[in-house]
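What you are looking at is a predicted structure, and each value in this text was computed from that prediction instead of being measured. Hydrogens, waters and symmetry mates play no part in the numbers below; they use all other heavy atoms, side chains included.
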Amino acid sequence: MAGRTVYRATFRLFLQPWFRLSRGLTLGVRALVADEAGGVLLVRHGYAPGWILPGGGVERGETAEDALMRELAEEAGIVPLERPRLLGLLANDAQFPGDHIAVFTVGRWRQQPRTASALEIAEQGFFPPDALPEGTTGGTRRRIAEWQTGAPVPDRW
């Protein structure tokens with residue numbers, strides 16, 4: 001528990017502000033992954049509140065798809081068996097000026113042990129879209145609804 005608190009404080013106080021100051025434009029990825037029963041994969045980080053779609057930042061030298069594959073393996077042990085499909089590219093200026101998020105859907109996949117530490121990912125699970133856990137973020141709820149209904153994805157998170 002103490003390790004998670006230190007990790008959370010370090011991330012929020014030092015790493016996140018450094019990323020914001022050192023990069024004029026940032027790109028993140030998120031994945032919509034469904035199980036056979038139609039449940040959607042969500043993760044809860046140890047350093048931030050709420051349930052979100054798995055994903056994270058695209059690092060220098062990575063493509064968005066490479067980052068998605070890495071983040072899925074780290075956070076949930078998910079290995080896509082076919083190329084993910086881009087659902088939309090959204091500006092996230094309200095949360096983080098200059099940030100953009102590429103949202104992908106993942107069709108066929110397999111699961112293996114995740115590679116992220118327990119400090120990063122506190123919990124993960126598949127949840128029915130009509131019974132998402134308390135604390136699921138608004139952006140996550142909207143992306144799931146758009147994916148479910150086939151509604152157009154907006155240009156803002």
Engineer: Only counting residues at least two apart or in another chain, list the ones meeting salt bridge (Lys or Arg N to Asp or Glu O under 4.0 Å) with Arg30.
Structural biologist: none
Engineer: So which atom in Ala64 and which in Phe104 form the shortest heavy-atom distance, rounded to 0.1 Å?
Structural biologist: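 Ala64 and Phe104 have their closest heavy atoms at CB-CZ, 4.1 Å.
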Engineer: So which heavy atom on Val58 is nearest to which on Val29, and how close?
Structural biologist: CG2-CG1, 3.8 Å
Engineer: Check whether more than 12 heavy atoms from other residues, nucleotides or ligands sit under 6.0 Å from atom CZ of Arg85, and answer yes or no.
Structural biologist: no
Engineer: Parallel, tilted or perpendicular: which describes the rings of Trp51 and Phe127, with under 30° parallel and over 60° perpendicular?
Structural biologist: perpendicular
Engineer: Between Trp109 (side chain) and Ala34 (backbone), is there a donor-acceptor pair under 3.5 Å?
Structural biologist: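 A pair under 3.5 Å: yes.
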Engineer: Step by step, would you call Leu32 with Val103 a side-chain contact (heavy atoms from CB on, under 4.5 Å)?
Structural biologist: CA-CA 7 Å; Leu32 279 155; Val103 181; 4.1 Å; yes
Engineer: Please check if Trp157 and Phe96 belong to a single hydrophobic cluster, counting links between Ile, Leu, Val, Met, Phe, Trp and Tyr side chain heavy atoms closer than 4.5 Å.
Structural biologist: no
Engineer: How close do Ala102 and Leu86 get, counting heavy atoms only, and between which atoms?
Structural biologist: CB-CD1, 4.0 Å
Engineer: Measuring from Asn92:CG to Asp99:CG, what's the distance to the nearest 0.5 Å?
Structural biologist: 4.5 Å
Engineer: Would you check if Glu71 and Pro54 make a side-chain contact, meaning some heavy-atom pair closer than 4.5 Å?
Structural biologist: no
Engineer: So, for Pro84 and Glu65, which heavy atoms are closest and what is the spacing to 0.1 Å?
Structural biologist: CD-OE1, 4.2 Å
Engineer: So Leu53 and Val40, side-chain contact (heavy atoms from CB on, under 4.5 Å) or not? Walk me through it.
Structural biologist: CA-CA 8 Å; Leu53 297 169; Val40 177; 4.1 Å; yes
Engineer: With a 3.5 Å distance limit and no angle check, can you tell me whether Gln111 reaches the backbone of Ala76 through a side-chain donor-acceptor pair?
Structural biologist: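 Yes, the answer is positive, given that a donor and an acceptor are paired below the 3.5 Å cut-off.
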Engineer: Excluding sequence neighbours, so at least two apart, what forms salt bridge (Lys or Arg N to Asp or Glu O under 4.0 Å) with Glu82?
Structural biologist: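 Partners of Glu82 under the salt bridge (Lys or Arg N to Asp or Glu O under 4.0 Å) test: Arg108.
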Engineer: Which heavy atom in Gly38 sits nearest to a heavy atom in Pro129, and how many Å separate them?
Structural biologist: O-CD, 3.4 Å
Engineer: Hey, are the side chains of Gln124 and Glu75 touching, using non-hydrogen atoms and a 4.5 Å cut-off?
Structural biologist: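 The answer is no; the side chains never approach within 4.5 Å.
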Engineer: Rounded to the nearest 0.5 Å, what separates atom CD in Gln112 from atom CG in Leu72?
Structural biologist: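 Rounded to the nearest 0.5 Å, the CD-CG separation comes to 10.5 Å.
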Engineer: Measure across Asp93 and Gly98 and return the closest heavy-atom pair with its distance rounded to 0.1 Å.
Structural biologist: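 Between these two residues, the closest heavy atoms are OD1-N, 3.0 Å.
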Engineer: Got a donor-acceptor contact below 3.5 angstrom from the Asp155 side chain to the Leu89 backbone?
Structural biologist: no
Engineer: Establish whether Trp147 and Leu132 are linked, either directly or via other cluster members, by ILVMFWY side-chain heavy-atom contacts under 4.5 Å.
Structural biologist: yes
Engineer: Give the intermediate values and the outcome of side-chain contact (heavy atoms from CB on, under 4.5 Å) for residues Val106 and Leu41.
Structural biologist: CA-CA 11 Å; Val106 175; Leu41 176 64; over 6 Å; no
Engineer: List in chain and number order the residues that pass salt bridge (Lys or Arg N to Asp or Glu O under 4.0 Å) with Arg110, two or more places apart in sequence or in another chain; answer none if no residue qualifies.
Structural biologist: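 In terms of salt bridge (Lys or Arg N to Asp or Glu O under 4.0 Å), with neighbours along the sequence ignored, Arg110 is linked to no residue.
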Engineer: Working to the nearest 0.5 angstrom, can you tell me the gap between Ile144 CD1 and Leu42 CG?
Structural biologist: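 Here the interatomic distance stands at 5.0 Å.
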Engineer: Under 3.5 Å, side chain of Arg114 to main-chain N/O of Ile121, donor-acceptor pair present?
Structural biologist: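 Looks like yes, one N/O pair under 3.5 Å.
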Engineer: Using the side chain to side chain contact (heavy atoms under 4.5 Å, CB included) definition, which of the options Thr105, Leu90, Leu87, Ile52 pairs with Arg143?
Structural biologist: Leu90
